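As the structure is a computational prediction, the values presented were derived from the model and not from experiment. Both backbone and side-chain heavy atoms feed into the values below; hydrogens, waters and symmetry mates do not.
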Amino acid sequence: MNPEDFPTPDATVEAVAPETLKAQIDGGEDVTVLDARMSSEYDEWHIDAENVTSINVPYFEFLEDDIDADVLEQIPTDREVTVLCAKGGASEFVAGTLKDRGYDVVHLEDGMNGWARIYERVAVSEYEGAGDLYQYQRPSSGCLGYLLVDGDEAAVVDPLRAFTDRYLDDAADLSVELTYAFDTHIHADHISGVRDLDAEGVEGVIPAAAVDRGVTYADELTTAGDGDTFAVGEATVETVFTPGHTTGMTSYLLDESLLATGDGLFIESVARPDLEDGDEGAPDAARMLYESLQERVLSLPEDTLIGGAHFSDAAEPADDGTYTAQIGDLKERMDALSMDEDEFVELILSDMPPRPANYEDIIATNLGQNAVDDEEAFTLELGPNNCAASQESLAGD
C-alpha cells in the first residue's frame with residue numbers, strides 16, 4: 001500500500017526524527033521498536049543494538065477493526081514503543097491504531113529511509129598526521145568514509161552519492177576547499193559519489209587497476225597507480241595497491257598515520273573475495289587478499305591506524321567512537337592475520353554472509369554502465385553492506 005492509502009486514525013501520534021532515535025540508542029536508553037515492514041524486509045536489515053528490543057509485526061495485521069489478540073500481546077504496554085516502516089506512512093497508521101487502544105507509541109519520521117539518511121562525522125583522535133582526520137559513519141548500512149583536512153584543503157575517501165552536498169557543506173563549514181575525492185574500488189553496496197563530486201569541481205580519483213573492469217568514465221577522472229601521491233595541504237595521500245576483495249582494490253595511506261583500506265581489512269574482519277568473479281573466482285581472490293594483507297598492509301608500522309570502508313554489528317568502536325584500530329592491535333586480536341595462506345583461504349571461504357542486496361546493479365552503476373537517478377540510487381543501496389568475509393567478528397576480545 002502507498003502511504004496515502006492508509007486510513008487516518010483518530011489519535012494524533014508524535015513523529016520522532018531518526019537522529020533523535022539514534023541519540024537515544026547511543027545514549028544507552030532502552031528502546032523498543034515495532035517494525036511494521038514485511039518480515040522479508042525486516043530479516044534483511046533492521047535497527048539493532050544491545051539496548052534495542054525489536055519486534056516485527058507487519059502493518060497488514062493492524063488493518064482489521066478487530067486486531068488479533070495474539071498480535072497485540074506482542075506489543076509492550078509498560079513502555080514507549082517506536083513504530084517504524086519503510087517510509088513513514090504505514091508506521092503512522094499503526095502507531096495511531098495502537099494509541100487509540102491506549103498504547104504509549106511514537107512513530108519514526110520517514111521510516112527506514114530516514115534512518116538511512118543519518119550520516120555522522122566523528123574526529124579520529126588517534127590520527128597523528130598533518131591536519132585533522134574525520135570518519136563518516138552511516139549506521140543504517142555500516143558505510144564509512146574519511147575526510148582529511150589540512151591548511152585550506154580537504155579530501156574525502158569513499159564518498160557516497162547520497163551525501164554529495166554534505167561533503168561540500170562540511171568543507172565550507174571548515175573554511176577549506178574540497179580538492180580530491182578518492183574511491184578505493186568499485187563498490188558493490190553503495191553508489192559512489194566520486195563522479196558527482198568531480199562534476200562539482202572536486203578532482204575525482206579512482207584506482208588505475210579498477211579501470212579494466214569496464215569503467216566507462218575513466219578518461220574523465222584521475223587514475224591513481226600504486227605509489228602515487230597527492231598533497232592535501234601539508235598532508236600526503238599515498239596510493240597502496242591491495243587487491244583481493246576486487247582486482248582493483250586500492251588503499252590510501254593518509255599522511256603515514258591511517259590506512260584507508262576500503263574493503264580489504266576491517267577492524268572486525270577481512271574482505272569477502274566473491275563479489276567480482278563469484279564463487280568460482282573466490283579462492284584465487286582470497287589468495288590475492290592474503291598476499292596484499294601480509295606484504296602491503298601488515299608490513300606497515302604497528303601504530304598505523306586501519307580504517308575500513310565499512311563496519312558491521314560485530315564491530316566494537318574505539319574510545320573516540322570511530323571504527324579504527326592500530327595494526328598491532330589487530331594482529332593480536334585477529335587470528336586470521338597470522339595464519340598461513342591455506343588456512344586463511346579456508347577460513348574466509350567458510351562463512352560468507354549473503355551478498356549485498358542489488359549488488360550487481362550497484363556495481364554496474366559504479367562502473368558507469370547503468371544510469372540511475374538520485375532516488376533510484378538511494379533505493380538500490382538500502383540495506384546492510386555484507387562486504388566482510390564473515391558473519392561474526394574474527395577479532396577476539
Starting from I206, can I reach V237 by hopping between I/L/V/M/F/W/Y residues whose side chains sit under 4.5 Å apart? no
Give a yes or no on this: more than 12 heavy atoms of other residues, nucleotides or ligands lie within 6.0 Å of atom CD of E234. no
What do you reckon, is CD of E19 surrounded by more than 12 foreign heavy atoms closer than 6.0 Å? yes
Considering residues, nucleotides and ligands other than D319, do more than 12 of their heavy atoms fall under 6.0 Å from its CG? no
Chi angles and distances behind the salt bridge (charged side-chain N to carboxylate O under 4.0 Å, His left out) call for D173, R121: CA-CA 13 Å; D173 289 343; R121 193 184 84 208; 5.9 Å; no
Is a side-chain donor or acceptor of R161 paired with a backbone partner of D196 at a separation under 3.5 angstrom? no
Between D274 and R355, is the closest basic N to carboxylate O distance under 4.0 Å? yes
Common cluster, V194/F230, ILVMFWY with side-chain heavy-atom separation under 4.5 Å: no
Got a donor-acceptor contact below 3.5 angstrom from the D158 side chain to the D183 backbone? no
The test is salt bridge (charged side-chain N to carboxylate O under 4.0 Å, His left out); show your working for K22 and D26 and say whether it passes. CA-CA 6 Å; K22 177 68 164 47; D26 289 348; 2.6 Å; yes
Is the closest side-chain donor-acceptor distance between E238 and T229 under 3.5 Å? no
Is R296 salt-bridged to D226, going by a charged N under 4.0 Å from an acidic O? yes
Please indicate whether E376 has more than 12 foreign heavy atoms, meaning atoms of other residues, nucleotides or ligands, lying under 6.0 Å from its CD. yes
With no hydrogens and no angle check, do the side chains of T322 and D320 hold a donor and an acceptor under 3.5 Å apart? yes
Can you tell me if Q294 uses its side chain to pair, donor with acceptor, with the backbone of L337 under 3.5 Å? yes
Take a 6.0 Å sphere around CG of D66 and say whether it holds more than 12 heavy atoms from other residues, nucleotides or ligands. no
Under 3.5 Å side-chain donor-acceptor pair for T324 and Q135: no
Given the side-chain rings of Y136 and Y167, with only the six-membered ring counted for Trp, is the space between their centroids under 6.0 Å? yes
Between S292 (side chain) and P243 (backbone), is there a donor-acceptor pair under 3.5 Å? yes
Give a yes or no on whether Q326 atom CD has more than 12 heavy-atom contacts from other residues, nucleotides or ligands under 6.0 Å away. yes
Test item: T250 and T184 side chains (from C-beta on) under 4.5 Å apart, heavy atoms: no
Determine whether the aromatic ring centres of F60 and F62 lie less than 6.0 Å apart. no
Would you indicate whether the side-chain heavy atoms of L84 and V33 approach each other to under 4.5 Å? yes
Do Y59 and Y103 belong together in a cluster built from hydrophobic side chains that touch within less than 4.5 Å? yes
Geometric class of the H46/Y42 ring pair [parallel <30°, tilted 30-60°, perpendicular >60°]: parallel
Do D263 and H310 have side-chain atoms, one donor and one acceptor, less than 3.5 Å apart? yes
Return yes if some donor-acceptor pair links the side-chain N/O of R272 with the main-chain N/O of P353 below 3.5 Å, else return no. yes
Looking at W115, does the NZ or CZ of R138 lie under 6.0 angstrom from its six-membered ring centre and within 45 degrees of the ring axis? no
